[in-house]
Amino acid sequence: MSNPNQSFSFSAYAWSQFKKNKPAYLSLYIFLVLAGIALFAPFLANDQPLYAKYKGHTLFPAFSFQKVYELDGTTIQLDIADWKKMELDQVIWAPVPYSPGKSDLLNIYAGPGSDQLFNGPSGAEEMPGRFRHFLGTSKRGEDLLSGLIHGTRISLTIGIFSMGIATILGLILGAMAGYFGDDKLKTKRGIFWLTLLGLIVAYFYGFMTRGFELADGLANSAFGAFFIQFLISLLIFISIIFLFNRLGKLLSNLPFFKESVSIPVDSLVSRFIEILISTPRLVLIISIAAIAKPSILILMVIIGSTSWTEIARFTRAEFLKIKNLEYIQAGQALGFNEVRIIFKHALPNGIAPALVAIAFGIASAILVESGLSFLGIGVPPDVVTWGSLVNAGRENFQAWWLVIYPGLAIFITVTIYNLLGEGLRDALDPRLKK
């Protein structure tokens, strides 16, 4: 029997409800496996050895930040060296000894069970079991399994980061629309117009002019490099808005700009949502992606900036109820700052429905990315994704493995996100609190 004095924890109760949903609980484990594959992709599929001993030298090519080894007068360029033809004293290969996009011209359109050739030190010979292309190859001999492993990284990165952008936009806009409505947010005319101008300037200098640094950080395949560049852009963005806001305060000392004006936040956000959802999303994304330079970063921004509407609608609906509750009114009566009330007290109690939309949104983002890659737009041609692998299957219908395996990967990933979303929806249902 439960202790009646024990405090009720809704998060613990929701977790216990989530675990009762077996498909969702299993999907969580599959997601963790996919996340592990994405995180360790360079060490799971790489044509450079993880460890090698060559002419008495101990080398770790897959972990090395060097581009060239100088060994007793021999120069080895890591990215183009054919390590499989070298006479290594000892070697430990990655589980899949091929990098995505690297050609094996002896095995063009090699099927999973077909005979394969190996370009060894003595020339072409029968493929050793260790170096077989277990899932086959494409038209230039690229290993499909390696492409799937690295494609996992691309797909999850795009899904999670694009929905991260959508989540930030959706939560902030939805919370402001629901909490302030059309007449609660008032400011001086000078502050309003200068802050609005500051948003445009901040976006230009924070993200547009730093597009190269952001893209370069992402191209290095290092999350830390991109995250640091993104934080710098965000800091510039916030600083410029803050500066213009202060200038607006100074401007508000003039009689015309001193007048108080209401900002119709709810109407503005709602109309913007209606415009976005009335426009076919895929057509909108294709139009923008066709104009913009192909880039994973731009693709994430495009998907994220067009996927926040559901999150905003759920959050707005929750805030319309929450803002009339006693604890919110108590906070207002105590004179708490509106930002503190929204983000510290109201948002934690209104985020549950948005979490479901986020889980479904990640699945949708992965589908959109796969669709764009299938159409050949969105990501640079040298980036291997699940969609680009399916697209490669169009060139040779006999190469069924180029369609079946990437298609299964897309199907499984989208399914587990949908199951996770359903599990979250059931676990976070407010009626379970009773």
Side-chain angles (χ1 to χ4, degrees), residues 34 37-38 40-49 62 79-85 93-120 124-158 219 221 289 294-296 299 366-414:
L34 289 176
I37 292 173
F40 297 105
F43 310 119
L44 293 175
N46 201 321
D47 62 346
Q48 298 175 15
D79 56 343
I80 63 172
D82 193 348
W83 293 90
K84 297 181 182 68
K85 293 181 69 173
W93 294 98
V96 179
Y98 296 99
S99 292
K102 290 293 182 68
S103 299
D104 180 1
L105 299 179
L106 289 179
N107 298 288
I108 293 173
Y109 284 130
S114 63
D115 295 333
Q116 298 178 7
L117 297 175
F118 179 67
N119 190 15
E125 56 190 63
E126 185 180 351
M127 178 70 81
R130 179 70 187 82
F131 296 120
R132 276 193 68 82
H133 300 283
F134 288 102
L135 295 187
T137 63
S138 63
K139 70 175 182 179
R140 288 190 295 272
E142 297 104 330
D143 187 79
L144 179 59
L145 182 54
S146 176
L148 285 176
I149 290 173
H150 285 264
T152 305
R153 197 179 201 194
I154 300 295
S155 293
L156 292 192
T157 300
I158 289 177
S221 299
S295 161
I296 294 176
L299 185 61
I366 291 173
L367 271 181
V368 169
E369 179 276 320
S370 300
L372 292 176
S373 298
F374 177 75
L375 295 171
I377 58 176
V379 296
D382 59 335
V383 176
V384 178
T385 69
W386 292 342
S388 66
L389 292 173
V390 175
N391 186 31
R394 290 195 308 169
E395 301 176 9
N396 184 357
F397 291 113
Q398 303 297 322
W400 54 267
W401 52 90
L402 292 176
V403 177
I404 297 295
Y405 295 121
L408 278 176
I410 296 170
F411 171 76
I412 292 172
T413 306
V414 171

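Please read all numbers here as calculations on a predicted model, not as lab measurements. Numbering of residues begins at 1 and proceeds along the displayed sequence.
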Under 3.5 Å, is there a donor-acceptor pair linking the side chains of S373 and E369?
->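 S373 vs E369: donor-acceptor pair found between side chains.
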
Measure from the side-chain N and O atoms of S146 to the backbone N and O of D143, and report whether any donor-acceptor pair falls under 3.5 Å.
-> no

N107 side chain to A110 backbone, donor-acceptor under 3.5 Å |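 Between the backbone of A110 and the side chain of N107 there is no qualifying donor-acceptor contact (under 3.5 Å).
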
Hey, does [Y] have a side-chain heavy atom less than 4.5 Å from the side chain of [X]?
{"X": "K102", "Y": "D47", "value": "yes"}
{"X": "V384", "Y": "I154", "value": "no"}
{"X": "P95", "Y": "F43", "value": "no"}
{"X": "L135", "Y": "Y405", "value": "yes"}

Give the C-alpha distance, both sets of side-chain angles, the deciding distance and a yes or no for side chain to side chain contact (heavy atoms under 4.5 Å, CB included) between M127 and H133.
-> CA-CA 9 Å; M127 178 70 81; H133 300 283; 4.0 Å; yes

Rounded to the nearest 0.5 Å, what's the gap from [atom1] on [X] to [atom2] on [Y]? Could you check?
{"X": "L145", "Y": "W401", "atom1": "CG", "atom2": "CH2", "value": "14.5 Å"}
{"X": "N391", "Y": "S138", "atom1": "CG", "atom2": "OG", "value": "11.5 Å"}
{"X": "R132", "Y": "F118", "atom1": "CZ", "atom2": "CZ", "value": "13.0 Å"}
{"X": "N46", "Y": "W83", "atom1": "CG", "atom2": "CH2", "value": "10.5 Å"}

Run the side chain to side chain contact (heavy atoms under 4.5 Å, CB included) check on T137 and I108 step by step: do they pass?
-> CA-CA 6 Å; T137 63; I108 293 173; 5.6 Å; no

Atom CG of D115 with >12 non-hydrogen neighbours under 6.0 angstrom =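 Open.
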
Closest approach of W386 to G151 (non-hydrogen atoms, all atoms of both residues) |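 Here W386 and G151 meet closest at NE1-C, 3.5 Å.
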
Minimum-distance pair of heavy atoms, taken over all atoms of P100 and G147 =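 Nearest pair, atom of P100 first, then G147: CB-CA, 4.2 Å.
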
Using the ring of Y98 (Phe, Tyr or Trp, six-membered ring only), decide whether K84 places NZ or CZ under 6.0 Å from its centre and within 45 degrees of its axis.
->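 Because its charged atom sits under 6.0 Å from the ring centre and within 45° of the axis, K84 does stack over Y98.
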
R153 to F40 six-membered ring, cation-pi geometry met (6.0 Å, 45°) =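 No, R153 does not sit over the ring of F40.
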
With sequence neighbours excluded, tell me which residues meet ring-ring contact (aromatic ring centres under 6.0 Å, His included) with W93.
->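 ring-ring contact (aromatic ring centres under 6.0 Å, His included) check on W93 returns F131.
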
Residues forming a side-chain contact (heavy atoms from CB on, under 4.5 Å) with P406, sequence neighbours excluded |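 P406: side-chain contact (heavy atoms from CB on, under 4.5 Å) contacts with L144, L148, L389, V390.
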
